[in-house]
*Asks:* 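Dropping a structure here in structure tokens format, bear with me for questions.
All figures in this text were calculated on a predicted structure; none of them were measured in a lab. Letters A, B, ... are given to chains in the order of the sequence lines, protein chains preceding strands, and every chain is numbered from 1.
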There are 2 protein chains.
Amino acid sequence: MALRLDDKFVKPFITDEEISAIAPEIEAAAASLRAKTGKGAEMLGWLDLPENYDKEEFARIKAAAEKIKKTCDVFIVIGIGGSYLGSRAVIEFLRSPRYNLLKKDTPDIYFSGCNISGSDLDELLAICEGRDVCINVISKSGTTTEPAVAFRYFRAWLENKYGKEGAKERIFVTTDKARGTLKSFSTDAGYETFVVPDDVGGRFSVLSAVGLLPIAVSGINLDELMSGAADAMTALSAGDVYTNDAYKYAALRNILYRKGKVTEILVGYEPYEQMFCEWWKQLYGESEGKDGKGLYPSSVIFSTDLHSLGQYVQSGLRTIFETVLSVETPDSEAKVPNDPANIDGLNFLSGMPMAEVNRTAMNGTLLAHVDGEVPNIVLRLAERSARALGYMIYFFELACAVSGYVLDVNPFDQPGVEAYKKNMFALLGKPGYEEMTAELRARL
Amino acid sequence: MALRLDDKFVKPFITDEEISAIAPEIEAAAASLRAKTGKGAEMLGWLDLPENYDKEEFARIKAAAEKIKKTCDVFIVIGIGGSYLGSRAVIEFLRSPRYNLLKKDTPDIYFSGCNISGSDLDELLAICEGRDVCINVISKSGTTTEPAVAFRYFRAWLENKYGKEGAKERIFVTTDKARGTLKSFSTDAGYETFVVPDDVGGRFSVLSAVGLLPIAVSGINLDELMSGAADAMTALSAGDVYTNDAYKYAALRNILYRKGKVTEILVGYEPYEQMFCEWWKQLYGESEGKDGKGLYPSSVIFSTDLHSLGQYVQSGLRTIFETVLSVETPDSEAKVPNDPANIDGLNFLSGMPMAEVNRTAMNGTLLAHVDGEVPNIVLRLAERSARALGYMIYFFELACAVSGYVLDVNPFDQPGVEAYKKNMFALLGKPGYEEMTAELRARL
């Protein structure tokens, strides 16, 4: 199994009775998920996506990635929320958080259209100067403000540099399969298009074309990633709170939530896990944070943040718990060098693999935080590989759905995201919002 | 004033009586801070640092930065916690979060020694290959594991490339002024050294040599930064909860904390603010997270994270409040391009400055979140400049100290950070920790 839940460091904080009490709720949640009778059941396409995906499109994604790798130095991915977090998380996890700074035979990859910052756009355009560029715009509707504005910029930039004909070979569009002006415009313009599936929400879409095209451009093996997810789909397809780790994770975090642990901190020990934590924060925060309920998702990278948030975790307000991602197989052979001068007094570590020091820091921290009354759920990932990561992605998606059902929310909608958009459009004077405008302006 | 607190969007959630009730507590906290009679009073060097700093060392920092700029392509800053967060925050805020990817006439700057990741070290060493390197190791004691191990690596790398004599011109050490083996070794080896002041804790040290040398290497004007902090020192030296915005911020967050808002989310609207948020998280989390108390510090960058955590903030568990950083003067002239095809239906925005769209997103979000029962404190920063940032740094430091006193903790210690270190050393078999080793191993 690529991922295993270790409950040793959460056990001191929960009772067997609490687990057996929540077991039927988990069972009911899983049953309604499998039977597609629960809330948001029309958005369950991710559940069998690792096997039931469009094979023809999958081959086109690989071919497009090869073409992109050959024809550009810089690949701009334009999308916001689930349209960029998944691919960015996977690329940084498997390649590097410093991917663009490494020597490599794949293009630099930049993410745009995920903010409204003018200086961010100015910078990206300067970076593109004199380099060959391809873009992938990812937007279900084509009308989301942030990616739409970025697409206006980069389409104009490409057409200016390569002409309309040249640009059309460099623009790849991931959008609705049929509806929307972005789809029809793309068809007319001759852009290659890929599909944002109707039954897969943004935060569950990393294993669809949404995530896969950028991931493939970075040189990651898509087959391995999908195989890992398929492994998880099989391994986690049955069982109960005692035998299915996704169900167990859903159970433990709901038990802790009910006991007043309102914040869950996802903990990594490698810098490459940071964007994965961001992906996880969207997955859980957006799925569960509704109806006045839900764990607040936060994240840290240790030992880095032991020197910033470590004090709080050890001794602050006791309303937190941690979920620790432990990558079990080292991916570096770096060892602590010997220093004859022993300036730092650390020669007892000389020759020890860094991975062992890091693992020991984790073990020391687990014990310290348990002593500080912070429950710790440990997720042990076999290795840093596409296959293991695919497994973990599916694990978290499944656990999230079950967890949301136990919380009695619809884990697949996000009505709260519309609130700021409506206000923004009204304040910007968008046609159709006139009635709200004056009232909102008066409140500023 | 470079920074102004706007309480319009927090007012619906607190009463005038609550402010007048906490006013005497704030007054007492500020008085004991000024009189140096409160907890941790031996660590108040930061309070008058913007004026009372070592002018001779300040000049040496500038000279060293000029030398570093001339002699290297890559500058490695080795430090953890307060030894790197401040400089990284300032560099990204004023230059760019993509600083290393921009064309520029200053060296690339990488941060090392802030984790125990072998792959992170491997990567950095590969990046240095064939390039000229200088390093700045920052460690009060010289014995903290993470930076010590990185220093072993990079010292060996430099001595291998340039010889001992050549390397000594490329190693800059920021450490205790007299104690510790790092100081004595550096003196013997002929490294230029700078001082981690005795009365300034790591998280308050960005305006000392700790932060200033890397900041200067990035090309930022140190005089402007210090002037801004001195402006704040003067502007915020007196007054009360009604007239002093640092005191007001301390009051508002304590009132909200007492009303069950246990998580404070620092909100930025520009990607360049992200590391500043991380600096803030250490400042507040490590100062207040003790004795089973303290607000949990979290952060987001909007509108990016409106599409990930926005749903939670709008409609999740109501135990959060936001503190919003608004940069008032645009630093980009980028405008929304017109699109004759109007694919996205956004032509009503054509020609509008991105800064205005971003500001409107913020205003729309403020109203939406207030409607969602989330109190919002707004901090209005005049501009993206060294002077304004210096002001804001001092503002947050002062407010943190006062806030910690009102919470009745020592805002200047961090005893909880030792817990994991002790366990780690015992598990690693460090001499002197033998008694703990067996007991801890048995618990794993």
*Asks:* Can you say whether A/F111 sits under 4.5 Å from chain B via the side chain, the backbone, both, or neither, judging by heavy atoms?
*Replies:* backbone

*Asks:* Side chain, backbone, both or neither: which part of A/L101 has an atom under 4.5 Å from a heavy atom of chain B?
*Replies:* both

*Asks:* Do you know which of A/Q314, A/K8, A/E123, A/Q414 has the most heavy-atom pairs under 4.5 Å to chain B?
*Replies:* A/E123

*Asks:* Does the distance from a Lys or Arg side-chain N to an Asp or Glu carboxylate O, for B/R359 and B/E356, drop under 4.0 Å?
*Replies:* no

*Asks:* Are any non-hydrogen side-chain atoms of B/F9 and B/L367 less than 4.5 angstrom apart?
*Replies:* yes

*Asks:* Who wins among A/V417, A/D120, A/D331, A/V149 for the most heavy-atom pairs under 4.5 Å with chain B?
*Replies:* A/D120

*Asks:* Is A/L306 close to chain B through its backbone or its side chain, or both, or neither, when contacts mean heavy atoms under 4.5 Å?
*Replies:* both

*Asks:* Rounded to the nearest 0.5 Å, how far does CG of A/L124 lie from CZ of A/F154?
*Replies:* 5.0 Å

*Asks:* Between A/T175 (side chain) and A/S139 (backbone), is there a donor-acceptor pair under 3.5 Å?
*Replies:* yes

*Asks:* Using non-hydrogen atoms only, which part of A/L121 is less than 4.5 Å away from chain B: side chain, backbone, both, or neither?
*Replies:* side chain

*Asks:* Any side-chain heavy atom of A/N100 within less than 4.5 Å of one from B/R98?
*Replies:* no

*Asks:* Taking side chain as C-beta onward, heavy atoms only, is B/E146 less than 4.5 Å from B/N115?
*Replies:* no

*Asks:* Using residues 292-299 of chain B as the side-chain source, report each donor-acceptor pair under 3.5 Å to any protein atom, sequence neighbours left out, with the distance given to one decimal.
*Replies:*
unit_1	atom_1	unit_2	atom_2	d
B/K293	NZ	B/L407	O	2.8
B/Y296	OH	A/S298	OG	2.7
B/S298	OG	A/Y296	OH	2.7

*Asks:* Under 4.5 Å heavy-atom distance to chain B, tell me which part of A/N347 shows up: side chain, backbone, both or neither.
*Replies:* both

*Asks:* Would you give the length of the straight line joining atom NZ of A/K290 to atom OG of B/S315, rounded to the nearest 0.5 angstrom?
*Replies:* 8.5 Å

*Asks:* The criterion is side chain to side chain contact (heavy atoms under 4.5 Å, CB included); which residues satisfy it with B/A148, sequence neighbours excluded?
*Replies:* A/D344, A/L346

*Asks:* Considering only heavy atoms from C-beta outward, does the side chain of B/Y312 approach that of B/L317 to under 4.5 Å?
*Replies:* yes

*Asks:* Top residue by heavy-atom pair count (under 4.5 Å) with chain B, among A/P415, A/P147, A/G142?
*Replies:* A/P415

*Asks:* Between B/Q311 and chain A, which part of the residue has a heavy atom less than 4.5 Å away: side chain, backbone, both or neither?
*Replies:* both

*Asks:* Mind ranking B/A341, B/P271, B/S141, B/G372 by heavy-atom pairs under 4.5 Å with chain A and telling me who comes out on top?
*Replies:* B/P271

*Asks:* For A/Y284, is it the side chain, the backbone, both, or neither that has a heavy atom closer than 4.5 Å to a heavy atom of chain B?
*Replies:* neither

*Asks:* Identify which part of A/D108 has an atom lying under 4.5 Å from any heavy atom of chain B, answering side chain, backbone, both or neither.
*Replies:* neither

*Asks:* Chain B heavy atoms under 4.5 Å from A/S96: which part of the residue, side chain, backbone, both or neither?
*Replies:* both

*Asks:* So which part of A/V409 gets closer than 4.5 Å to some heavy atom of chain B, the side chain, the backbone, both or neither?
*Replies:* neither

*Asks:* So for B/L85, is it side chain, backbone, both, or neither that comes closer than 4.5 Å to the heavy atoms of chain A?
*Replies:* side chain

*Asks:* Where on A/N363 is there a heavy atom nearer than 4.5 Å to chain B: the side chain, the backbone, both, or neither?
*Replies:* both

*Asks:* What part of B/V370 lies closer than 4.5 angstrom to a heavy atom of chain A: side chain, backbone, both or neither?
*Replies:* side chain

*Asks:* Within a strict 4.5 Å, meaning less than it, do heavy atoms of the A/K421 and B/H307 side chains meet?
*Replies:* yes

*Asks:* Given that the side chain runs from C-beta out, which part of B/F302 has a heavy atom under 4.5 Å from chain A: side chain, backbone, both or neither?
*Replies:* neither

*Asks:* Heavy-atom pairs under 4.5 Å with chain A - which of B/M352, B/R443, B/R384, B/M354 has more of them than the others?
*Replies:* B/R443

*Asks:* Rounded to the nearest 0.5 Å, what separation is found between the CD atom of B/E418 and the CG atom of B/N423?
*Replies:* 11.5 Å

*Asks:* Name the option with the most non-hydrogen atom pairs under 4.5 Å to chain B; the candidates are A/S308, A/G82, A/S184.
*Replies:* A/S308

*Asks:* Chain A heavy atoms under 4.5 Å from B/L440: which part of the residue, side chain, backbone, both or neither?
*Replies:* both

*Asks:* Could you look at A/F348 and say if it's the side chain, the backbone, both or neither that has a heavy atom under 4.5 Å from chain B?
*Replies:* side chain

*Asks:* When heavy-atom pairs shorter than 4.5 Å are enumerated against chain A, which of B/S332, B/P353, B/A126 gives the highest number?
*Replies:* B/S332

*Asks:* Most heavy-atom pairs under 4.5 angstrom with chain A, which of B/H369, B/K103, B/R155?
*Replies:* B/R155

*Asks:* With a 4.5 Å limit on heavy-atom distance, are the side chains of A/E129 and A/W157 in contact?
*Replies:* yes

*Asks:* Which bit of A/E286 is near chain B, if near means a heavy-atom gap under 4.5 Å: side chain, backbone, both or neither?
*Replies:* both

*Asks:* So for B/L102, is it side chain, backbone, both, or neither that comes closer than 4.5 Å to the heavy atoms of chain A?
*Replies:* side chain

*Asks:* Measure the spacing between OG1 of B/T319 and OH of B/Y257 and express it to the nearest 0.5 Å.
*Replies:* 12.5 Å

*Asks:* Can you tell me how far apart CD1 (B/I343) and CZ (A/F151) are? Round to the nearest 0.5 Å.
*Replies:* 5.0 Å

*Asks:* As an exercise: rank B/E278, B/K335, B/K422 by heavy-atom pairs under 4.5 Å with chain A and give me the winner.
*Replies:* B/K335

*Asks:* Checking B/R441 side chain against B/E439 main chain: does a donor-acceptor pair fall under 3.5 Å?
*Replies:* no

*Asks:* Under a 4.5 Å cutoff for heavy-atom pairs, which residue among B/S119, B/A419, B/G81 has the most contacts with chain A?
*Replies:* B/S119

*Asks:* Of the listed residues (A/L428, A/V357, A/I127), which shares the most heavy-atom pairs with chain B below a 4.5 Å separation?
*Replies:* A/L428

*Asks:* Would you find a donor on one side and an acceptor on the other, under 3.5 Å apart, between the side chain of A/E270 and the backbone of B/S117?
*Replies:* no

*Asks:* Quick check for you: to the nearest 0.5 Å, what is the distance between A/Y84 atom OH and B/T304 atom OG1?
*Replies:* 5.0 Å

*Asks:* Is it the backbone or the side chain of A/R203 that comes under 4.5 Å from a heavy atom of chain B, or both, or neither?
*Replies:* neither

*Asks:* Name the region of B/M362, side chain, backbone, both or neither, that has any atom closer than 4.5 Å to a heavy atom of chain A.
*Replies:* neither

*Asks:* Is it the side chain or the backbone of A/T145 that comes within 4.5 Å of chain B heavy atoms, both, or neither?
*Replies:* both

*Asks:* Considering only heavy atoms and a distance below 4.5 Å, find which of A/G345, A/S303, A/G113, A/G310 pairs most often with chain B.
*Replies:* A/S303

*Asks:* Write down the atom of A/V313, the atom of A/I320, and the distance for their closest heavy-atom approach.
*Replies:* CA-CD1, 3.8 Å

